[in-house]
Amino acid sequence: MAKELITREENYSQWYNDIVTKAGLAESSAVRGCMVIKPYGYAIWERMQAALDKMFKDTGHENAYFPLFIPKSFFSKEADHVEGFAKECAVVTHYRLKNDPNGKGVVVDPEAKLEEELIIRPTSETIIWDTYKDWIQSYRDLPLLINQWANVVRWEMRTRLFLRTAEFLWQEGHTAHATKQEAVEEAELMLRIYTDFAEKWLALPVLRGVKSPNERFAGAIETYCIEALMQDGKALQAGTSHFLGQNFAKAFDVKFLNRENQQEYVWATSWGVSTRLMGALVMAHSDDLGLVIPPKLAPIQVVIVPIYKNDEQYNAIAEKAYEIKSQLEARNIRVRFDNRDTHKPGFKFAEWEFKGVPVRLAIGPRDLENQTVEVARRDTLEKEVLQLRNLDFKIQNLLDQVQQNLYQKALDYRTMNTFKVDTWDEFLLQIEKGGFILAHWDGTAETEQKIKDETKATIRVIPIEEEPKPGKCVYSGNPSRQRVYFARAY
RNA sequence: CGGGGUGUAGCGCAGCCCGGUUAGCGCGCGUCGUUCGGGACGACGAGGCCGGAGGUUCGAAUCCUCUCACCCCGACCA
């Protein structure tokens, strides 16, 4: 399994693609735009799911499941929403196949046309709000805090593994509230949860704030987002949380009776993160030797590689390895003992490095003699020989250090690649170098669009600031309320 | 969806321009043996409707037409 990896410098997108496929995270499938998530990649996704799911439940949310299919008519009920998604919907028109009367294979049975076409959900607001209508009568039914883990389909023209696929996995939260303020607080709470998750689990520092009207979710009043910087200087939207106002309540007629016995429309939020986070994970930390996975998400945190010349040595080393394995497992560390006899140690070292395992232990005859083990960390590639005494404790600490270091590295990178810019010339120069540009903007969609047309840069985040510092727009020179973050984005 | 490129064994490729026996090579895979502190080596072996469908021809991986998929660059998007 010799791994050849192009460098980030040479070709960043091929480097990304190679890591995803060669490390066994995912591969493209026989179906256009759709990927197969392989066991190693899915194991990481499951860890993300588990961590997020706990955070959602700890803040009072419950999981439920709604249909994959949505009647076409539901989409027309919210004007902005349908406009945002219309161009990328997969549509089910028939429900039966039959043998091709004049040939081989099967054809769609024209007799089996659906009365009303079904849309494969690109997002579930419509079906969920249609359902909520029957669930909500009184203020006592609120807030309704529901999350769904699901797949959705958006018929994308150009797809990339994890970053943009026609079908992807995600969670979507959909909540209903009695007051505007409570809904806004919910949207902001979920943004904090996403931030926490990105920083503590993905080891990925993110900017937080709101989107400009241009970049807002179709049907939202306000879109909050977290935005991360990838190693090629491009920004990646890593999660969004929307304050939907009463748009969907009005579209689907969801009202409740308040304490004063009056009918009111409910207030809504929705929020989601997707398997795109897998792409963020790869692009944020990996290097020219392959994948680097933060310990908290690594399916295998420690791999043990035995070094031996004969069966006798192997047996002695294996005994020690299993002992270490159970010692580490007692601390809930995920360990793999790589006792394959088909590969030499050097091969295994390279392979596990490619797969991003945070810590590697090597045990050979010398170690057996000295009661030691060689410990190598993936993030810095440093190696040291440690005494076996208290090894579990040392490894636990090391894993924490690796997690911390990855975050710090990513944060330093972002700091080094965030620039305050005050003139348009500077902006044009800087945007070519990548990274975030912190500049004043006059707040108009026209200016934003012109900047995008001229530079491909978009406003990624408008920071939420207590005391915004006004200035002059970097493009138009008109008054600006505060600086915003620009970048080229995925 | 526009421009460019590529489809030949699990992966990476040669062969195609100039049609002609059983379609090659490297990696990987299987068996056996020797190896094992940074990507080992030898012997033997398995594996291909040459992306798909039509056509031209005595004969097509090779020429023609259509189609599908993937990759890169744009516009759109999580």
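These numbers were taken from a predicted model, which means no experiment stands behind them. We use all heavy atoms of the structure for the numbers below, so side chains are in, but hydrogens, waters and symmetry mates are not.
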Pairwise P distance, B:C66 and B:G3 [rounded to whole Å]: 14 Å
List in chain and number order the residues that pass side chain to side chain donor-acceptor pair (under 3.5 Å) with A:Y16, two or more places apart in sequence or in another chain; answer none if no residue qualifies. none
For side chain to side chain donor-acceptor pair (under 3.5 Å), just list the numbers for A:D341 and A:Y314, CA-CA rounded to whole Å, side-chain angles, deciding distance to a tenth of an Å, and then say yes or no. CA-CA 10 Å; A:D341 63 356; A:Y314 171 76; over 6 Å; no
Considering only the C1' atoms, how many Å lie between B:U22 and B:C27, rounded to the nearest integer? 25 Å
Taking B:A43 as the reference, what is the distance to B:G38 when you measure between their P atoms (whole Å, please)? 26 Å
Reckon A:Q237 touches a base, only the sugar-phosphate, or nothing at all at heavy-atom distances under 4.0 Å? sugar-phosphate
Under 6.0 Å from the CH2 atom of A:W155, do we count more than 12 heavy atoms belonging to anything else shown? no
Please list residues of residues 217-233 of chain A whose heavy atoms come under 4.0 Å from any atom in RNA chain B, ordered by number; otherwise none. none
Across the strands shown, which category fits A:S28 at heavy-atom distances under 4.0 angstrom: base, sugar-phosphate, nothing? nothing
Expected output is a numbered-order residue list: members of residues 158-168 of chain A with a heavy atom under 4.0 Å from any atom of RNA chain B. What is it? A:R158, A:L163, A:R164, A:T165, A:F168
Does A:G33 reach a base, just sugar-phosphate, or nothing at all? Heavy atoms under 4.0 Å. sugar-phosphate
Can you tell me how far P in B:A61 sits from the matching atom in B:C16, rounded to whole Å? 14 Å
Does atom CZ (A:R8) have a neighbourhood of more than 12 heavy atoms from anything else shown, all under 6.0 Å? yes
Any idea which of B:A78, B:C71, B:C36 is nearest the A:R276 side chain? B:A78
Which residue pairs pass the salt bridge (charged side-chain N to carboxylate O under 4.0 Å, His left out) test when at least one of the two sits in residues 75-92 of chain A, sequence neighbours left out? none
Counting only heavy atoms not in A:D311, do more than 12 sit closer than 6.0 Å to its CG atom? no
I would like to know whether A:E319 and A:N315 meet side chain to side chain donor-acceptor pair (under 3.5 Å); could you show each step before the answer? CA-CA 6 Å; A:E319 192 184 338; A:N315 290 334; over 6 Å; no
Nearest whole angstrom, please: distance from the P of B:U6 to the CG of A:N17. 19 Å
Short of 4.0 Å, heavy atom to strand atom, which residues of residues 282-294 of chain A count as contacting RNA chain B? none
Which pairs would a plain distance check flag for residues 205-213 of chain A, meaning a side-chain donor or acceptor within less than 3.5 Å of a matching protein atom at least two apart in sequence or in another chain?
residue: A:K211; atom: NZ; partner: A:E227; partner atom: OE1; Å: 3.1
residue: A:K211; atom: NZ; partner: A:Q237; partner atom: OE1; Å: 3.1
residue: A:K211; atom: NZ; partner: A:R460; partner atom: O; Å: 2.9
residue: A:S212; atom: OG; partner: A:E448; partner atom: OE1; Å: 3.1
residue: A:S212; atom: OG; partner: A:E448; partner atom: OE2; Å: 2.5

Mind checking side-chain contact (heavy atoms from CB on, under 4.5 Å) for A:K383 and listing every partner two or more places apart, or none if nothing turns up? A:R360, A:E374, A:A376
Taking atom P in both B:G26 and B:A9, compute the distance separating them and give it to the nearest angstrom. 16 Å
Distance between the C1' atoms of B:U31 and B:C70, in whole angstroms? 36 Å
Would you please confirm or rule out a distance under 4.0 Å between OP1 or OP2 of B:U34 and any side-chain N or O of A:K344? no
For B:G5 and B:G42, measure between their P atoms and round to the nearest Å. 41 Å
With a 6.0 Å cut-off on ring centres, are A:H61 and A:W271 close enough? yes
Report yes if a side-chain nitrogen or oxygen of A:K456 is closer than 4.0 Å to either non-bridging phosphate oxygen (OP1 or OP2) of B:G74; otherwise report no. yes
Aromatic ring proximity, centroids under 6.0 angstrom, A:F337 and A:Y322: yes
Under 3.5 Å, which protein N or O atoms sit close to an N or O of nucleotides 66-68 of chain B? Give each pair with its distance.
none

Whether the side chain of A:E353 and the base of B:G38 hold a donor-acceptor pair under 3.5 Å is what I'd like checked. yes
Atom CZ of A:R216 to atom C1' of B:C76: distance rounded to whole Å? 19 Å
Could you tell me the separation between the CG atom of A:N151 and the C1' atom of B:A78, rounded to a whole number of Å? 15 Å
Who pairs with A:S274 by side-chain contact (heavy atoms from CB on, under 4.5 Å), at least two apart in sequence or on another chain? A:F168, A:W170, A:R276
Which whole number of Å gives the distance between the C1' atom of B:G19 and that of B:G28? 33 Å
Qualifying side chain to side chain donor-acceptor pair (under 3.5 Å) pairs with a residue from residues 191-200 of chain A, counting only residues at least two apart or across chains: A:Q171-A:Y194, A:D196-A:K200
note: A:K22, atom NZ; B:G28, atom P; distance rounded to Å ~ 14 Å
Please say which of A:M190, A:H174, A:E172 ends up in a side-chain contact (heavy atoms from CB on, under 4.5 Å) with A:S270. A:H174
By side-chain contact (heavy atoms from CB on, under 4.5 Å), A:D232 pairs with (sequence neighbours left out) A:Y12, A:M230, A:K234, A:Y490
Sorted by number, the residues of residues 357-388 of chain A with heavy-atom contact under 4.0 Å to RNA chain B: A:R360, A:A362, A:G364, A:P365, A:R366, A:D367, A:E374, A:K383
Taking all atoms of both residues into account, what is the closest heavy-atom pair of A:P295 and A:L406, and its distance? CD-CD1, 4.3 Å
Lys/Arg-Asp/Glu bridge criterion (N-O < 4.0 Å) met for A:R366, A:E369: no
